K.L.:
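Got a structure for you, written out below as structure tokens; questions coming shortly.
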Number of protein chains: 2
Amino acid sequence: MLPQSLDRHSAIPLYFQIQQHLSDEIRSGKLRPADPIPSEQEIAARLQVSRMTARQAIKYMCNLGLVYTRRGKGTFVSGVKLEKNFRQVLSFSEEMRAQGNRASSRVVHFKTIRADSELAEALHIGLNEEVVSLCRVRLANSQPMAVEASHLALRSVPNLMKLFNPRSSLYQALSDNYGIEVMFADEIVEAGLARARESKLLRVVAGSPVLYFRRIAFTGNGKPIEYVKAAYRGDRYKLVNRLTRPEGGTLRHKS
Amino acid sequence: MLPQSLDRHSAIPLYFQIQQHLSDEIRSGKLRPADPIPSEQEIAARLQVSRMTARQAIKYMCNLGLVYTRRGKGTFVSGVKLEKNFRQVLSFSEEMRAQGNRASSRVVHFKTIRADSELAEALHIGLNEEVVSLCRVRLANSQPMAVEASHLALRSVPNLMKLFNPRSSLYQALSDNYGIEVMFADEIVEAGLARARESKLLRVVAGSPVLYFRRIAFTGNGKPIEYVKAAYRGDRYKLVNRLTRPEGGTLRHKS
DNA sequence: AAGTGGTCTAGACCACTCG
DNA sequence: GAGTGGTCTAGACCACTTG
């Protein structure tokens, strides 16, 4: 249930080693849903760490939704499959690979355009500013899944047109060439019917159901970096979301 | 920027008071996106708390996405509107109210049925077990928005048929009568075309775009309690999601 | 060099749950 | 009453960032 000992000279923090070990026990099925995990004090005593460190490991798994805690009772494995992709900022290829599909893309266009009001608002730039527009058909196992158009302010990524090979990973290029890391993204999803242009690219009949996405990706400091408009085939794509309860503070009752 | 002092005799934990104060400063606009918030040490010194307590307050806001931290630099306000509903487990009425709409419902049916294989799998019960089925049309400002059918294993909520007024809040009834609190939910969203029965209830023409939801709500211990199937009008409803980066452990570099 | 957040310690008191 | 998690303290050393 607990490791024999921790590597105190490793670059991996102690709380992370503890968390990894317990997570493995859960994923491997040795710890089953509703099973209690060792208490904070037991972890502290057995692994010779302070209780705060044991607590940090548990808090971490708690935030991941792997376990839940009950005051006075203990900490228990939550009966949830985490195999499923709860949606994170993943590139299309990362997402498909995670599901065991072979991802590929076909570039429809890669050019600079002028910002219309929608782009200007999304990217926080001025009207008519130059914007890099990359439109790709996304394929899984050679079947078209989606049409996706990424837009980035040229000002944020000067020379992207020359530095970037549109057949490679955009997020990788942002990281390598500009040190830009996408930290989170907000997206709006709507149901719609495939328009003529999309239906051709997706190889479906016009009027087929599609999921329309608009997504703004942000860097760590809250600056919008990428605006994506996409249409996903309704017959081949579904969203999987995890909804959680709003966090609330614990009240300490006065005596 | 920081409160004058904390209420040390309050039932509210110190870290929560600190977090509340800083959150208010952000929401009111006194702290603007990309502004630094006071450092952990400054909070600790000025408010006479230990650094770990200051840190806990910041960690809390960090988890909410209100701020982000940069090692060696500080903690900064993330430029994100949190007014938007990032999706939580909310009842339809809570969700509509949060958006300033008047929510109401029309009960289509409220009865017990036998579990088919889909229900049995979703609720972790046996085939043909008794299930409470509550189907409602959801209205916002008297306009139909969605058809929603909730299913609960009768075994989990004995007497629900008698205890519950289908025109009132289901989640409230679960909490009041059974002490059941929904802690999280997993949902699958797909795009589709309104079928005949749905199009009548939603007052749209058959074949209009809709968002199909299947949602399983769980109690804290990971037990599935409710299975919802719903169809939302594609022209009136959109999803807003916040996608985040997978959390990773920080590596401590060896010297 | 000074300041920041990341990790960690070894204690403490509390409220809650259960037998 | 014994065990649990929730909060809190007053220190410590470290790596990272910036001037």
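Protein chains get the first letters and strands the later ones, always in sequence-line order, with residue 1 at the start of each. These figures come from a predicted structure and were not determined experimentally.
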K.L.:
So does T53(B) get a side-chain nitrogen or oxygen closer than 4.0 Å to the phosphate oxygens (OP1/OP2) of dT9(D)?
P.N.:
yes
K.L.:
Counting only side-chain nitrogens and oxygens, does S39(A) get under 4.0 Å of the OP1 or OP2 atom of dG3(D)?
P.N.:
no
K.L.:
Can you tell me if the side-chain N/O atoms of S50(B) get under 4.0 Å from OP1 or OP2 in dG11(D)?
P.N.:
no
K.L.:
Mind checking Q41(B) for me? I need base, sugar-phosphate or nothing, with any heavy atom below 4.0 Å counting as a touch.
P.N.:
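Here Q41(B) touches the bases of the nucleic acid.
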K.L.:
Check the distance between dA12(C)'s P and M52(A)'s CE and give it to me in whole angstrom.
P.N.:
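Rounded to whole Å, this separation is 15 Å.
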K.L.:
Phosphate oxygens OP1/OP2 of dT17(C): is one of them under 4.0 Å from a side-chain N or O of R70(A)?
P.N.:
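Checking dT17(C) against R70(A), no side-chain N or O comes under 4.0 Å of OP1 or OP2.
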K.L.:
Round to a whole Å and report the spacing from CZ of R71(A) to P of dC18(C).
P.N.:
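Going from R71(A) (CZ) to dC18(C) (P), I get 14 Å.
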K.L.:
Can you check whether K73(B) has a side-chain N or O nearer than 4.0 Å to OP1 or OP2 of dT18(D)?
P.N.:
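So the side chain of K73(B) is within the cut-off, an N or O lying under 4.0 Å from OP1 or OP2 of dT18(D).
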K.L.:
In whole angstroms, how far is the C1' atom of dT9(C) from the CG atom of L14(A)?
P.N.:
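After rounding, the reported distance stands at 11 Å.
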K.L.:
Could you say whether G72(B) or I37(A) is positioned toward the 5' end of DNA chain D, judged by the nucleotide with the nearest heavy atom to each?
P.N.:
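Its nucleotide being nearer the 5' end, the pick is I37(A).
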K.L.:
Once you round it to whole Å, what is the distance between C1' of dC8(D) and CZ of F16(B)?
P.N.:
17 Å
K.L.:
Starting from P on dA12(D), measure out to CD on E40(B) and report it in whole angstrom.
P.N.:
17 Å
K.L.:
Can you say whether a donor on the side chain of R51(B) sits under 3.5 Å from an acceptor on the base of dG6(C), or the other way round?
P.N.:
yes
K.L.:
Would a 4.5 Å heavy-atom cut-off, applied to side chains only, mark L66(B) and V77(B) as touching?
P.N.:
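When only atoms from C-beta onward are counted, V77(B) and L66(B) do not touch, as no gap falls below 4.5 Å.
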K.L.:
Are the side chains of Y171(A) and I180(A) in touch, meaning some heavy atoms are under 4.5 Å apart?
P.N.:
no
K.L.:
Can you tell me if the side-chain N/O atoms of T69(B) get under 4.0 Å from OP1 or OP2 in dG6(C)?
P.N.:
yes
K.L.:
Over how many whole Å does the gap from Y60(A) atom OH to dG6(C) atom C1' extend?
P.N.:
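After rounding, the gap between these two atoms is 14 Å.
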K.L.:
What's the CD-P distance between Q17(A) and dC8(C), to the nearest Å?
P.N.:
8 Å
K.L.:
Examine dG5(C): is either OP1 or OP2 under 4.0 Å from a nitrogen or oxygen in the side chain of T75(B)? Give yes or no.
P.N.:
yes
K.L.:
Do L22(A) and V67(A) have side-chain heavy atoms sitting under 4.5 Å apart?
P.N.:
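No. Closest side-chain heavy atoms not under 4.5 Å.
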K.L.:
Between dT9(C) and R55(A), is there an OP1 or OP2 to side-chain N/O distance shorter than 4.0 Å?
P.N.:
no
K.L.:
Please confirm whether the shortest side-chain N or O distance from Y15(A) to OP1 or OP2 of dT7(C) is below 4.0 Å.
P.N.:
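For Y15(A), the contact criterion (side-chain N or O under 4.0 Å from OP1 or OP2 of dT7(C)) is met.
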K.L.:
Going by salt bridge (charged side-chain N to carboxylate O under 4.0 Å, His left out), E40(A) matches just one of R71(A), R51(A), K59(A). Which one?
P.N.:
R51(A)
K.L.:
So for atom CD, which belongs to E121(A), do other residues, nucleotides or ligands contribute more than 12 heavy atoms lying within a distance under 6.0 Å?
P.N.:
no
K.L.:
I need the CG-C1' distance between L47(A) and dC8(C), as an integer number of Å.
P.N.:
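Computing the L47(A):CG to dC8(C):C1' distance gives 14 Å.
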